[in-house]
K.L.:
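Can you keep this structure in mind? I'll have questions shortly.
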Amino acid sequence: MKKYLELLEEQRAILLKKTARLTTDQYNLVPRGFNNNIIWNMGHSLAVSESLLYGNAPFKVPLHEFDIEGFKKGTKPELAINDHGISLIRKALSDTVPLFKKSFDDFLSANVQYSKDDISSVVSEKHLQFLLFHEDMHLGTIQRLLRYV
C-alpha cells in the first residue's frame, strides 16, 4: 500500500505544480472538443480517490467545504468554480493521502487486533492500481487542457 500512496502523492504534487499559476478563468475553460475543464478533472480525481480509499474503510471520508457530488462519475462542469472553491479542491488533493494514512494508522492504534497487512481488507491492491491509472489518465487530460489556456 505504501508504494501506491507514495506514487499518488507524487502524481498529485506534479498536478498541483503544473496548475499552480492558473487563473480562475483558465481553471474553468472548457475548450471546443472537450466536455470538461481543469478544475473538474481535479475535483473528479479527488472524488474517485476518496471513493476507492474510503469505500471499505472503517473510518469516515473527510468532509469538504465544497460540493464533491458535482465531481463524481457521470457529472460534468455545470457552474464555474470560484477562487475559494479552487483553493479548497487544491488543498483537498494535497491532503487526501496524508489524511488517509493518518486515519489508517489511528485505526490500527485503536484496534490492535489489526496489522498493517490488513490493509487489503480496507483497500485492495487492484483498487490502488486503478486509482493510479485513473489519476494518470486525468493528469494527461489536464496536460492537454493546459495547451488551450
Side-chain angles (χ1 to χ4, degrees), residues 1-107 116 118-149:
M1 171 187 78
K2 186 177 180 181
K3 71 178 178 179
Y4 292 108
L5 295 177
E6 287 172 2
L7 286 170
L8 182 58
E9 281 182 302
E10 289 172 22
Q11 280 183 323
R12 296 235 172 126
I14 292 166
L15 168 64
L16 293 170
K17 184 177 180 180
K18 287 181 179 275
T19 58
R21 300 193 195 289
L22 298 178
T23 66
T24 303
D25 288 340
Q26 289 172 323
Y27 274 108
N28 285 286
L29 176 69
V30 180
R32 178 169 288 152
F34 286 84
N35 296 323
N36 50 49
N37 55 36
I38 291 169
I39 196 61
W40 182 88
N41 277 277
M42 293 170 76
H44 178 71
S45 291
L46 177 67
V48 169
S49 69
E50 288 182 350
S51 172
L52 290 172
L53 289 173
Y54 289 91
N56 293 323
F59 34 89
K60 294 183 180 185
V61 177
L63 294 176
H64 299 290
E65 295 179 46
F66 59 92
D67 183 14
I68 194 114
E69 295 295 318
F71 300 99
K72 290 190 174 178
K73 183 178 177 183
T75 65
K76 62 182 182 177
E78 298 292 335
L79 300 170
I81 307 297
N82 63 24
D83 286 337
H84 181 66
I86 291 167
S87 69
L88 291 173
I89 291 169
R90 290 180 57 82
K91 180 167 178 13
L93 280 167
S94 176
D95 293 348
T96 300
V97 175
L99 188 58
F100 179 80
K101 287 179 187 176
K102 181 180 180 336
S103 295
F104 188 71
D105 288 343
D106 291 349
F107 171 77
K116 289 223 184 249
D118 292 322
I119 187 61
S120 62
S121 65
V122 174
V123 59
S124 72
E125 187 169 334
K126 275 187 176 181
H127 282 116
L128 291 168
Q129 288 171 346
F130 174 78
L131 178 55
L132 288 172
F133 164 77
H134 184 261
E135 294 254 342
D136 191 52
M137 183 179 69
H138 283 280
L139 178 59
T141 299
I142 290 168
Q143 289 175 317
R144 287 190 301 282
L145 286 164
L146 285 169
R147 295 181 199 152
Y148 294 91
V149 298

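These numbers were taken from a predicted model, which means no experiment stands behind them.
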K.L.:
Verify the distance criterion only: is there a donor paired with an acceptor across the side chains of R12 and S45 at less than 3.5 Å?
P.N.:
no
K.L.:
Report the relative orientation of the aromatic rings in Y148 and F34; use parallel for angles under 30°, tilted for 30 to 60°, perpendicular for over 60°.
P.N.:
perpendicular
K.L.:
Assess whether side chain to side chain contact (heavy atoms under 4.5 Å, CB included) is satisfied between L29 and I38, documenting all intermediate values.
P.N.:
CA-CA 7 Å; L29 176 69; I38 291 169; over 6 Å; no
K.L.:
What's the spacing between L5 CG and L132 CG if we round to 0.5 Å?
P.N.:
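Reported to 0.5 Å precision, the distance equals 8.5 Å.
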K.L.:
Do you know which two heavy atoms are closest between L53 and F100, and how far apart they sit?
P.N.:
O-CE1, 3.2 Å
K.L.:
Do you know which two heavy atoms are closest between A47 and F71, and how far apart they sit?
P.N.:
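Closest approach of A47 to F71, heavy atoms only: CB-O, 3.9 Å.
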K.L.:
Starting at CD of Q26, measure out to CD1 of I86 and round the result to the nearest 0.5 Å.
P.N.:
10.0 Å
K.L.:
Side-chain contact test, heavy atoms from C-beta onward, threshold under 4.5 Å: evaluate it for L93 versus M42 and give yes or no.
P.N.:
yes
K.L.:
So, do H64 and L46 sit near enough that their side-chain heavy atoms are less than 4.5 Å apart?
P.N.:
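Yes; the side chains approach each other to less than 4.5 Å.
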K.L.:
Would you sort out whether N36 and L145 count as a side chain to side chain contact (heavy atoms under 4.5 Å, CB included), showing the intermediate values?
P.N.:
CA-CA 9 Å; N36 50 49; L145 286 164; 4.2 Å; yes
K.L.:
Determine, stepwise, if the pair H134 / L52 fulfils side chain to side chain contact (heavy atoms under 4.5 Å, CB included).
P.N.:
CA-CA 11 Å; H134 184 261; L52 290 172; 5.9 Å; no
K.L.:
So E50 and T96, do their side chains get closer than 4.5 Å, heavy atoms only?
P.N.:
yes
K.L.:
For L146 and L22: C-alpha separation, side-chain torsions, deciding distance, then whether side chain to side chain contact (heavy atoms under 4.5 Å, CB included) applies.
P.N.:
CA-CA 9 Å; L146 285 169; L22 298 178; 3.8 Å; yes
K.L.:
List the residues meeting side-chain hydrogen bond (donor to acceptor under 3.5 Å, both in side chains) with T75, not counting sequence neighbours, and say none if there are none.
P.N.:
W40
K.L.:
Nearest 0.5 Å, please: how far is CD1 in I39 from CG in N37?
P.N.:
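Reported to 0.5 Å precision, the distance equals 7.5 Å.
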K.L.:
Sequence neighbours excluded, which residues qualify as salt bridge (charged side-chain N to carboxylate O under 4.0 Å, His left out) partners of K72?
P.N.:
E69
K.L.:
Looking at residues at least two apart in the chain, or sitting in another chain, which of them share a side-chain hydrogen bond (donor to acceptor under 3.5 Å, both in side chains) with N82?
P.N.:
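Result, side-chain hydrogen bond (donor to acceptor under 3.5 Å, both in side chains) vs N82: none returned.
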K.L.:
Please find the pair of heavy atoms, one from Y4 and one from Q129, that lie closest to each other, and give the distance.
P.N.:
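Closest approach of Y4 to Q129, heavy atoms only: OH-NE2, 3.1 Å.
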K.L.:
Decide whether S87 and R90 meet the rule of one side-chain donor and one side-chain acceptor closer than 3.5 Å.
P.N.:
no
K.L.:
I81 versus L88: any side-chain heavy-atom pair under 4.5 Å?
P.N.:
no
K.L.:
Calculate, to the nearest 0.5 Å, the distance between atoms CG and OG1 belonging to N35 and T141 respectively.
P.N.:
10.5 Å
K.L.:
Is it true that K101 and E9 make a salt bridge, defined as a side-chain N closer than 4.0 Å to a carboxylate O?
P.N.:
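Yes, K101 and E9 are salt-bridged.
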K.L.:
Testing V97, L131, D136 one by one against Q11 for a side-chain contact (heavy atoms from CB on, under 4.5 Å), which residue passes?
P.N.:
D136
K.L.:
Atom CG of L128 and atom CG of L8: how far apart are they, to the nearest 0.5 Å?
P.N.:
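Result: 8.5 Å between the selected atoms.
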K.L.:
Please report the interatomic distance CD(Q143) to CG(N41), rounded to the nearest 0.5 Å.
P.N.:
11.5 Å
